[in-house]
Amino acid sequence: MAADREAKLQRIHEHIRTFPDFPKEGIQFRDICPILKDPAALTAVIDLFEEHVRKNHQQVDLIVGLDARGFLFGPLLAQRLGVGFVLVRKRGKLPGKTLSVAYDLEYGKAEVEIQEDAVAPGQKVLLIDDLLATGGTLNAACELLKKQQAEILGCLVVIGLKEVNGIEKLKPHSVFSLVQY
């Protein structure tokens with residue numbers, strides 16, 4: 001079992017490309033596109049997320065995916081778990097009544113929103129995205145879910161960037177990452 005897990009992690013790691021100085025000088029961009037192109041690598045991601053959730057969270061009501069790469073992994077995991085999937089999007093992208101939270105970016109501000117009726121009070125949710133860097137977007141999504149009185153079980157990411165230390169911004173919520181840089 002451990003050997004199988006290590007093989008899956010190795011496959012995922014092999015399918016993450018690094019682009020130096022993108023989108024600006026000094027940034028090491030971690031590209032997940034090769035994971036999506038390789039069915040075995042994508043299956044490995046979902047297998048490992050599913051294994052983690054089943055082991056650590058006995059009841060999950062919803063997977064909440066962050067715009068936009070959380071939309072790639074979230075529905076696959078939700079389907080495996082037999083639960084619903086909810087979107088957290090950039091402001092202005094969802095129809096109907098929404099709740100929003102503004103947050104700071106390195107140079108400016110951004111806003112994320114969720115449909116007002118997307119999550120019922122007390123529902124147990126896991127958030128999912130491709131990457132945790134500064135933690136701004138995931139933290140804003142957690143704030144949205146608190147407004148909806150959801151029970152946040154934790155956050156799942158494919159890649160965690162340790163040097164940026166975004167995990168601190170998310171405390172007390174747990175963060176599970178498959179690969180760390």
Side-chain angles (χ1 to χ4, degrees), residues 1-88 106 112 124-142 145 152-181:
M1 194 86 154
D4 182 49
R5 178 177 166 67
E6 288 306 314
K8 288 177 182 178
L9 286 170
Q10 182 63 32
R11 179 175 286 275
I12 293 165
H13 199 272
E14 289 169 356
H15 284 80
I16 296 171
R17 290 187 297 193
T18 301
F19 287 93
D21 300 321
F22 182 83
K24 63 181 187 177
E25 191 172 331
I27 302 289
Q28 298 287 319
F29 186 87
R30 307 297 178 171
D31 179 23
I32 58 148
C33 290
I35 290 173
L36 301 172
K37 196 166 88 172
D38 182 85
L42 181 56
T43 298
V45 167
I46 303 307
D47 285 351
L48 293 173
F49 278 151
E50 180 185 13
E51 176 185 303
H52 171 78
V53 171
R54 291 196 187 279
K55 181 178 177 185
N56 295 285
H57 305 289
Q58 302 313 308
Q59 184 188 348
V60 176
D61 297 314
L62 295 169
I63 300 296
V64 178
L66 277 62
D67 195 345
R69 293 179 197 98
F71 301 171
L72 302 172
F73 302 105
L76 297 172
L77 179 59
Q79 184 181 41
R80 289 260 192 104
L81 296 171
V83 301
F85 177 76
V86 170
L87 307 170
V88 168
E106 190 174 351
V112 290
K124 297 175 182 345
V125 301
L126 283 166
L127 290 85
I128 190 167
D129 205 0
D130 68 323
L131 180 121
L132 172 61
T134 64
T137 307
L138 262 172
N139 187 55
C142 287
L145 291 159
I152 300 168
L153 301 175
C155 303
L156 309 170
V157 294
V158 178
I159 302 167
L161 300 180
K162 292 187 287 191
E163 69 223 21
V164 186
N165 208 22
I167 200 165
E168 289 299 315
K169 191 176 276 185
L170 293 168
K171 285 185 176 177
H173 306 297
S174 65
V175 177
F176 174 74
S177 59
L178 297 176
V179 177
Q180 296 85 34
Y181 290 96

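Positions are given from 1 along the sequence. Atoms considered below: every heavy atom in the structure, side chains included; atoms not considered: hydrogens, waters and symmetry mates.
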Side-chain donor or acceptor of [X] paired with backbone N/O of [Y] under 3.5 Å:
X	Y	answer
D21	G26	yes
H15	R11	yes
D61	K124	yes
N139	G135	no

For the residue pair L131 and L161, establish whether any side-chain heavy-atom pair is separated by less than 4.5 Å.
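With C-beta onward as the side chain, the pair touches.
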
Please work out which of the three classes, parallel, tilted or perpendicular, describes the rings of F29 and F19, given edges at 30° and 60°.
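If you compare the ring of F19 with that of F29, the planes turn out tilted.
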
Step-by-step side-chain contact (heavy atoms from CB on, under 4.5 Å) determination, I16 to Y181:
CA-CA 11 Å; I16 296 171; Y181 290 96; 3.6 Å; yes

What's the shortest heavy-atom distance between [X] and [Y], and which atoms?
X	Y	result
D31	C33	OD1-N, 3.0 Å
Q59	L153	O-CD1, 3.4 Å
L77	I63	CD2-CD1, 4.0 Å
F85	A78	CB-CB, 4.1 Å
A141	V88	CB-CG1, 4.2 Å
V112	A140	CG2-CB, 3.7 Å

From the options D129, I128, D130, I32, select the one residue that forms a side chain to side chain contact (heavy atoms under 4.5 Å, CB included) with L72.
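Result: among D129, I128, D130, I32, I32 is the only option passing the side chain to side chain contact (heavy atoms under 4.5 Å, CB included) with L72.
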
Would you tell me whether E14 and Q10 have side-chain atoms, one donor and one acceptor, within less than 3.5 Å of each other?
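Their side chains do contain a donor-acceptor pair, which is all the 3.5 Å distance test asks for.
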
Passes side-chain contact (heavy atoms from CB on, under 4.5 Å), L132 versus L170? Steps please.
CA-CA 10 Å; L132 172 61; L170 293 168; 3.8 Å; yes

Under 4.0 Å between a Lys/Arg side-chain N and an Asp/Glu carboxylate O for R54 and E50?
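Looking at E50 together with R54, the answer is yes, because their closest N to O distance falls below 4.0 Å.
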
Whether R80 and D47 form a salt bridge (side-chain N of Lys/Arg under 4.0 Å from carboxylate O of Asp/Glu) is what I want to check.
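Salt bridge present between D47 and R80.
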
Determine, step by step, whether T18 and R30 satisfy the side-chain contact (heavy atoms from CB on, under 4.5 Å) criterion, reporting the C-alpha distance in whole Å, the side-chain angles of both residues, the deciding distance to 0.1 Å, and the verdict.
CA-CA 5 Å; T18 301; R30 307 297 178 171; 2.7 Å; yes

For E51, look at atom CD and say whether over 12 heavy atoms of other residues, nucleotides or ligands are found less than 6.0 Å away.
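Counting other residues, nucleotides and ligands, CD of E51 exceeds 12 neighbours.
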
